[in-house]
Amino acid sequence: MTAQLIDGKSIASQIIEKVRLAVAERRRQGQRAPGLAVVRVGEDPASEVYVRNKLRACERCGVRPFAFEPAVTIAEDELLTLIARLNADPDVDGILVQLPLPGHIDSDAVIEAIDPRKDIDGFHPCNIGRLALGLPGLRPCTPRGVMTLLQVSEIEVNGQDAVIIGRSTIVGRPMALELIRASATVTVCHSRTRGLPEKAANADLLIAAVGHAHFVPGEWIKPGAVVIDVGVNRLEDGSLTGDVDFRSAMDRAAWITPVPGGVGPMTVASLLENTLEAAAAGNLAAP
Ligand code: NAP
């Protein structure tokens, strides 16, 4: 078997085009462009690349970007003051604080300080709670992007056995909530999981979000499974690779996402969808 590729780059472009048209329609109706504030603390090179991609995507679809780059030495209360200012700014519909933050800043406190209606990363406890309850709200971008990939590719989720490797608050956990909502039977694995290869081999839908290059070998994959590789790992030669051993997985899976060009572009596309929704509704979640 040779797996079919799920082309995240192309699906993300289609979504960004839809957002662009919706923004243009808003403007035609006399409304302002949605505004997205992006806060990057310090000079972490990976964060710089991620933020640059997000700001470029804003430009592509007419979302107004507001970039903030406080020094790595910024005090937590100064950052909280900036968040409070952005919460109150009527031109800002979405606030994104690029993670990770420097060690002296409590990321949870910063995320909780964001108005849930502007929390376009969907990390605020209020939005995670709404996702858990199946209520409308701003959904974490990477899991939302994965659900869109599955939907656009017409891959059945209802009733499938899904296994997620990784339980982080930004990927694994909200991914589990999305899949439960879509009526999959979900197993969440992590570093303490026993018998991981057997659990993975039971998956109709296998989602890897570990952060270790080539962690999932082809022999763990059930023949005909759908494999979503969330991992982004940089090799010594500078190239990017996923958490799944792509070559051996291609021989077993029915569908697979490449890295790069799979989940990554969908995260950015979902961010723009969230920004548009935050601008349109303004009241998706009660503060
Ligand atoms: P993370 O916070 O480091 O979480 C990694 C998860 O993997 C943890 O739950 C950890 O278990 C689990 N794990 C680690 N070693 C394991 C092992 N030997 N066996 C089983 N589970 C193990 O990472 P993350 O933020 O979720 O990101 C995961 C990957 O996705 C990274 O490569 C990241 O760069 C990538 N990512 C990509 C996108 C995108 O847009 N494509 C977005 C976000 C993240 P414990 O909880 O027990 O420690």
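Computed from a prediction, not measured in an experiment: that's the story for all the values here. Numbering starts at 1 and runs along the sequence shown. Keep in mind that the numbers below use all heavy atoms, side chains included, and drop hydrogens, waters and symmetry copies. Every number for a ligand or one of its atoms is a count from 1 in the order of the listing.
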message: What protein heavy atom lies closest to atom 31 (C) of ligand 1? Include the residue and the distance to one decimal.
response: G211 CA, 3.6 Å
Residue N233 vicinity, atoms of ligand 1 by number, heavy atom under 4.0 Å: 32 (O)
task: Search all heavy atoms of L235 against all heavy atoms of A213 and return the closest pair with its distance.
output: CD2-CB, 4.1 Å
- line: heavy-atom search around atom 24 (P) of ligand 1 in the protein gives S168 OG, 3.6 Å
message: Tell me which pairs pass side-chain hydrogen bond (donor to acceptor under 3.5 Å, both in side chains) where either residue lies in residues 15-39, with sequence neighbours left out.
response: E17-R20, E25-R28, E25-Q29, R32-D93
message: Heavy atoms only: which of G166, P100, S191, C141 lies closest to atom 45 (P) of ligand 1?
response: S191
A253 to V227 - nearest heavy-atom pair and separation: CB-CG2, 3.8 Å
query: Which bit of T193 gets closer than 4.0 Å to ligand 1, counting heavy atoms only: side chain, backbone, both or neither?
result: neither
field: Smallest separation among heavy atoms of A208 and V244, with atom names
entry: CB-CG2, 3.9 Å
- request: Flag the pair V263 / V146 as yes when at least one side-chain heavy-atom distance between them is below 4.5 Å, and no otherwise.
  value: yes
- request: Tell me which protein heavy atom sits closest to atom 42 (C) of ligand 1, plus the residue, atom name and distance to 0.1 Å.
  value: T142 OG1, 3.3 Å
ring-ring contact (aromatic ring centres under 6.0 Å, His included) contacts in which one or both residues fall within residues 158-215, not counting sequence neighbours: H212-F215, F215-W220
- request: Quick one: look at H212 and ligand 1, take heavy-atom pairs under 4.0 Å, and tell me if it's side chain, backbone, both or neither.
  value: side chain
- prompt: What protein heavy atom sits nearest atom 20 (C) of ligand 1, and how far off is it?
  reply: H190 O, 3.1 Å
The single option from L36, L96, L138 passing side chain to side chain contact (heavy atoms under 4.5 Å, CB included) against T275: L36
Residues N274 and R144: side-chain donor-acceptor under 3.5 angstrom: yes
query: When rounded to the nearest 0.5 angstrom, what distance separates CD1 in I16 from CD in E273?
result: 9.5 Å
- prompt: Where is the nearest protein heavy atom to atom 35 (C) of ligand 1: which residue, which atom, and how far?
  reply: V230 O, 3.5 Å
field: atom 46 (O) of ligand 1: the protein heavy-atom neighbour that sits closest, reported with distance to 0.1 Å
entry: R167 NE, 2.7 Å
query: Given A209, A46, G172, which has its nearest heavy atom closest to atom 6 (C) of ligand 1?
result: A209
field: Nearest neighbour of atom 14 (C) of ligand 1 from the list L271, V210, V188, on a heavy-atom basis
entry: V210
query: Within the structure, does R192 bring an N/O atom to less than 3.5 angstrom of an N/O atom in ligand 1?
result: no
message: Could you tell me, atom by atom, which parts of ligand 1 come under 4.0 Å of a heavy atom of I170?
response: 25 (O)
field: Shortest reach to atom 27 (O) of ligand 1 by a heavy atom, considering only V171, V232, L240
entry: V171
- request: State whether the shortest distance between N or O atoms of Y50 and N or O atoms of ligand 1 falls below 3.5 angstrom.
  value: no
statement: Scanning both residues in full, the closest heavy-atom pair of V163 with K199 reads CG2-O, 3.5 Å
message: So which atom in N202 and which in K222 form the shortest heavy-atom distance, rounded to 0.1 Å?
response: O-NZ, 3.8 Å
task: Using a strict 4.0 Å cut-off to heavy atoms of G264, name the atoms of ligand 1 that fall inside it.
output: 40 (O), 41 (N)
field: Close-contact set for ligand 1 against F215 heavy atoms, below 4.0 Å
entry: 17 (C), 18 (N), 19 (N)
query: Counting each atom of ligand 1 from 1 as listed, which ones have a heavy atom of T267 under 4.0 Å away?
result: 39 (C), 40 (O)
query: Below 4.0 angstrom, N of the basic side chain to O of the carboxylate: do K9 and D7 qualify?
result: no
